[in-house]
Protein chains: 2
Amino acid sequence: MSYTADSLKAELNARGWRLTPQREKILNIFQNLPEGEHLSAEELHHRLEEEKEKISLSTVYRSVKLMSRMGILRELELAEGHKHYELQQASPHHHHHVVCVQCNRTIEFKNDSILKQSLKQCEKEGFQLIDCQLTVTTICPEAIRMGWPSTLPSNWACTRSISLA
Amino acid sequence: MSYTADSLKAELNARGWRLTPQREKILNIFQNLPEGEHLSAEELHHRLEEEKEKISLSTVYRSVKLMSRMGILRELELAEGHKHYELQQASPHHHHHVVCVQCNRTIEFKNDSILKQSLKQCEKEGFQLIDCQLTVTTICPEAIRMGWPSTLPSNWACTRSISLA
DNA sequence: ATGCATGCAAACACTTTGCATTCTC
DNA sequence: GAGAATGCAAAGTGTTTGCATGCAT
């Protein structure tokens, strides 16, 4: 599901909302994001600044929320205390997350049957599906090797956690 | 997986931690919670006050976090902006959630294959599973009937949302 | 022209933390 | 007795909101 300025406008207008330069730029950032990356509101704000786009943080927050409710973005609640956003991907790219409680390292995986089962559940109850996310909470191999949880220094983090956004 | 004071103590001590009256009382609240109910830290704090247990809010927060990391509690990240906790249930009681973005109404459902697939994914990567949660984001029938999203007054909420904790 | 959207700053809710004290092991 | 845990108050974080102004429709 790839949006153009026009299709975004159409979808916004259909709901009485408007296409603004800010919303267009935000969508753009997400469309140019490498597969598998997701941004927090603050990260998105930085990204926009880097591209010389002056958009206030409030507008960033308002936009990602709106676009998530529209089903354009996907709101991820991983274990980091703040939300991340990515483009909502159609079925073949739909994925889920494995998260380590120790270092917050996140791994993605695809699994179509989870979406299928969510759909089934929605139909059964008369709900309309927007998204489904499986979050698998785990301890990563590095932490296990370090003897999690007893022998772990309280501020130790797995080395690979640096790969996290 | 039902805990007694003794088994809780054993599990804490094994990690160099201690059994305190506070932790015991908190576990108790969860064990007496009707199936399907989950509490936020604040709600848990209220519940404790109602039972004449004076436990500081900080301790409540520290305890639920600790017990979640130990796998005794399950930390739920639904759509309400704050975390909820419930006893971690063994496989037959393991469940997932359907949440309405409009009213936050939450419905539970069970599905063993999701846990199985999460386990499979963990084994493949060498991760140790603590929990897996499927959150299905939806629009509930009431909101659809009201014409979500365009014709919905901005402060309208589905009537059934009152059933939410 | 209407009224939705923005930007700013201030407010917010939830959660975490420092430190002296208390209690478990 | 050593060190973990508590309670309090204060600080922190990510997020939301009120309001005047600007802009898309």
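Protein chains get the first letters and strands the later ones, always in sequence-line order, with residue 1 at the start of each.
- Side-chain N/O atoms of D131(A) and Q133(A) include a donor and acceptor closer than 3.5 Å.
- A tilted orientation is assigned to the rings of F109(A) and H96(A), their planes being inclined by 30° to 60°.
- Whole-Å rounding puts the L12(B) CG to dC25(C) P distance at 9 Å.
- With no hydrogens or angles considered, no side-chain donor-acceptor pair links E35(A) and H95(A) at under 3.5 Å.
- One finds a side-chain N or O of K65(B) lying less than 4.0 angstrom from the OP1 or OP2 phosphate oxygen of dT16(C).
- Rounded to whole Å, the distance from CG on L44(B) to P on dT15(C) is 12 Å.
- A salt bridge links R47(B) to E37(B): one of the charged nitrogens lies within less than 4.0 Å of a carboxylate oxygen.
- A distance of 8.5 Å separates CG of D6(B) from CG of L19(B), quoted to the nearest 0.5 Å.
- At the phosphate of dA5(D), neither OP1 nor OP2 sits under 4.0 Å from any side-chain N or O atom of T59(B).
- If E42(A) and R23(B) are placed on DNA chain D by their nearest nucleotide, the residue sitting closer to the 5' end is R23(B).
- Atom OH of Y61(A) and atom P of dC8(C) are 16 Å apart (whole Å).
- Partners of H45(A) according to the ring-ring contact (aromatic ring centres under 6.0 Å, His included) rule, which considers only residues two or more places apart in sequence or in another chain, do not exist here.
- Look at Q22(B) and you won't find any side-chain N or O under 4.0 angstrom from OP1 or OP2 of dC23(C).
- At whole-Å resolution of the value, CG in L57(B) and C1' in dT6(D) are 13 Å apart.
- Atom pair H82(A):NE2 and dA13(C):P shows a separation of 22 Å (rounding to whole Å applied).
- Side-chain contact of Q117(B) with S113(B): a donor-acceptor pair under 3.5 Å is present, judged by distance alone.
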Seminar exercise, completed: Contact string for nucleotides 19-25 of chain D, one letter per nucleotide 5' to 3', B = base within protein heavy-atom range under 4.0 Å, S = sugar-phosphate only, - = neither, reads -----BS
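- In this structure, the CG atom of L66(A) is 16 Å from the P atom of dT15(D), given to the nearest Å.
- To the nearest angstrom, P of dT15(C) lies 6 Å from NZ of K83(B).
- Atom CD in E43(A) sits roughly 15 Å away from atom P in dT13(D) (whole-Å rounding).
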